[in-house]
*Asks:* 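First, the structure itself, so that you have it in front of you.
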Amino acid sequence: MSNHLSAETVAVVKATVPAIAEHGATITEVMYRRLFEDEHIARLFNQANQKSGAQRFALANAVLAYAQNIDNPGALASAVERIAQKHVGYAILPEHYPYVATALLGAIEEVLGDAATPEILAAWGEAYWFLADILKGREAGIREEIEAQTGGWTGWRHFAITERRAESDQIMSFTLRPEDGAPVIRHRPGQYLTLRFDTAGLKGVIRNYSISCGPNNDHYRITVKREPDGEASRFLHDRAAIGSIFELTAPAGDFYLREVPDRPVVLLSGGVGLTPMVSMLEEIADKHKALPAYFIHGTTDRHSHALAAHIRQLARQHGNTEIATFYERMEPADAAYEGYISVDWLKSELPLNEADIFLCGPRPFLRHYVSSLIGANVSPDRIHYEFFGPTDEILAA
């Protein structure tokens, strides 16, 4: 494959932008329908995202963004990194790419009909494989980095639950250790695990969970809220026991605390979105004693506030961490602010213009605070966020 696209292909793909903008969601819906006709390919995907339509929406946006920036691939660098990390987490391999190519081109032809000329299909084929080669190269690099480290592995590895701990009325932590007893790779604080539930008794279910403990070579911890309609979370809370076996890929994700933070750190979370922040705070308390840190968290009330005592203990251990908690519903003994975290409060109480700001929480939480922080003149390159569900652009929604 050439290391650049032909001028003809760039021109043809750019010319299809209006059609992709109009029909992108339908194209991706048809693409997934075609792709999932092959059961072994369907098993690679988180089907919960398919049922909700979130993955189709995210992919439609990604395809459109690629078409719009086909002549400026550098603008897609961060998206490429997120996708490559996700692919490594789901154990997607080079041999899977032809299935997607066939499904995507078939969907374009089916949806656009006579407008999908041989010239357009050829251009999109070349554009697809150009991007696929970039992704495959980056994914190979990520796997090499993982395998080079103590405890690193690629593909699926069996882990057992060795501890369950209730953190709130609806949130439970699970400690996972490898069944083979060998070391695990030290994750980057903020990264996530991908769990496959087949061996535990829930066939065909795959989920991502942020790691909620600090880096170590012994175990991982995930902290999961029981969702009423959440197939995987209900299974973990109601059926998973000490000794239950799950399959895991190695930690992945591009949302993490840098190895040597050189600015104050603001950890801003909503609900169970505090899980990667706890991993970061454990690392900060252990290794970065001089680093100013701010742990700001919002949740419904004290009964939904997970890991509160542990966070306070880490703040005392660090000695340079300030904590602020916001509850929607207050009780007399609560040491918290009432209501929601306001950007005005953040601006008045925190060094926003000097800090790196990490955010995690539900999609509405992120849409509000990412856009509000940018509106408060915080540089976008210092706003880092992780969220639940398929990767898409928070600000475009």
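The model shown is predicted, which means the values in this text are computed figures rather than measured ones.
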*Asks:* State yes or no: are the ring centers of His187 and Tyr256 separated by less than 6.0 Å?
*Replies:* no
*Asks:* So, do Ile311 and Phe295 sit near enough that their side-chain heavy atoms are less than 4.5 Å apart?
*Replies:* yes
*Asks:* Going by atom types alone, do Thr325 and His297 pair a side-chain donor with an acceptor below 3.5 Å?
*Replies:* no
*Asks:* Salt-bridged, Arg43 to Asp198, with N to O below 4.0 Å?
*Replies:* yes
*Asks:* In terms of side-chain geometry, is the basic nitrogen of Arg239 or Glu231 positioned less than 4.0 Å from the acidic oxygen of its partner?
*Replies:* no
*Asks:* In terms of side-chain heavy atoms, does Gln85 have a donor or acceptor partner in Glu81 at a distance below 3.5 Å?
*Replies:* yes
*Asks:* NZ/Lys347 to OG/Ser342 distance, rounded to the nearest 0.5 angstrom?
*Replies:* 9.5 Å
*Asks:* Kindly work out whether a path of hydrophobic side-chain contacts (I/L/V/M/F/W/Y, heavy atoms less than 4.5 Å apart) joins Leu64 to Leu131.
*Replies:* yes
*Asks:* Any chance the side chains of Thr154 and Arg143 put a donor and an acceptor closer than 3.5 Å?
*Replies:* no
*Asks:* Checking side-chain contact (heavy atoms from CB on, under 4.5 Å) for the pair Glu110/Arg34: CA distance, chi angles, key distance, verdict?
*Replies:* CA-CA 11 Å; Glu110 179 178 333; Arg34 287 169 167 261; 3.0 Å; yes
*Asks:* Any side-chain donor-acceptor pair under 3.5 Å between Ser173 and Glu167?
*Replies:* yes
*Asks:* Assess the side chains of Asp38 and His40: does a donor N or O sit below 3.5 Å from an acceptor N or O?
*Replies:* yes
*Asks:* Within the 4.5 Å heavy-atom criterion, are His87 and Tyr97 side-chain neighbours or not?
*Replies:* yes
*Asks:* Going by atom types alone, do Glu331 and His303 pair a side-chain donor with an acceptor below 3.5 Å?
*Replies:* yes
*Asks:* Would you indicate whether the side-chain heavy atoms of Ile146 and Trp153 approach each other to under 4.5 Å?
*Replies:* no
*Asks:* Just by distance, with hydrogens left out, do Thr299 and Ser304 show a side-chain donor and acceptor under 3.5 Å apart?
*Replies:* yes
*Asks:* Hey, does Leu346 have a side-chain heavy atom less than 4.5 Å from the side chain of Leu268?
*Replies:* yes
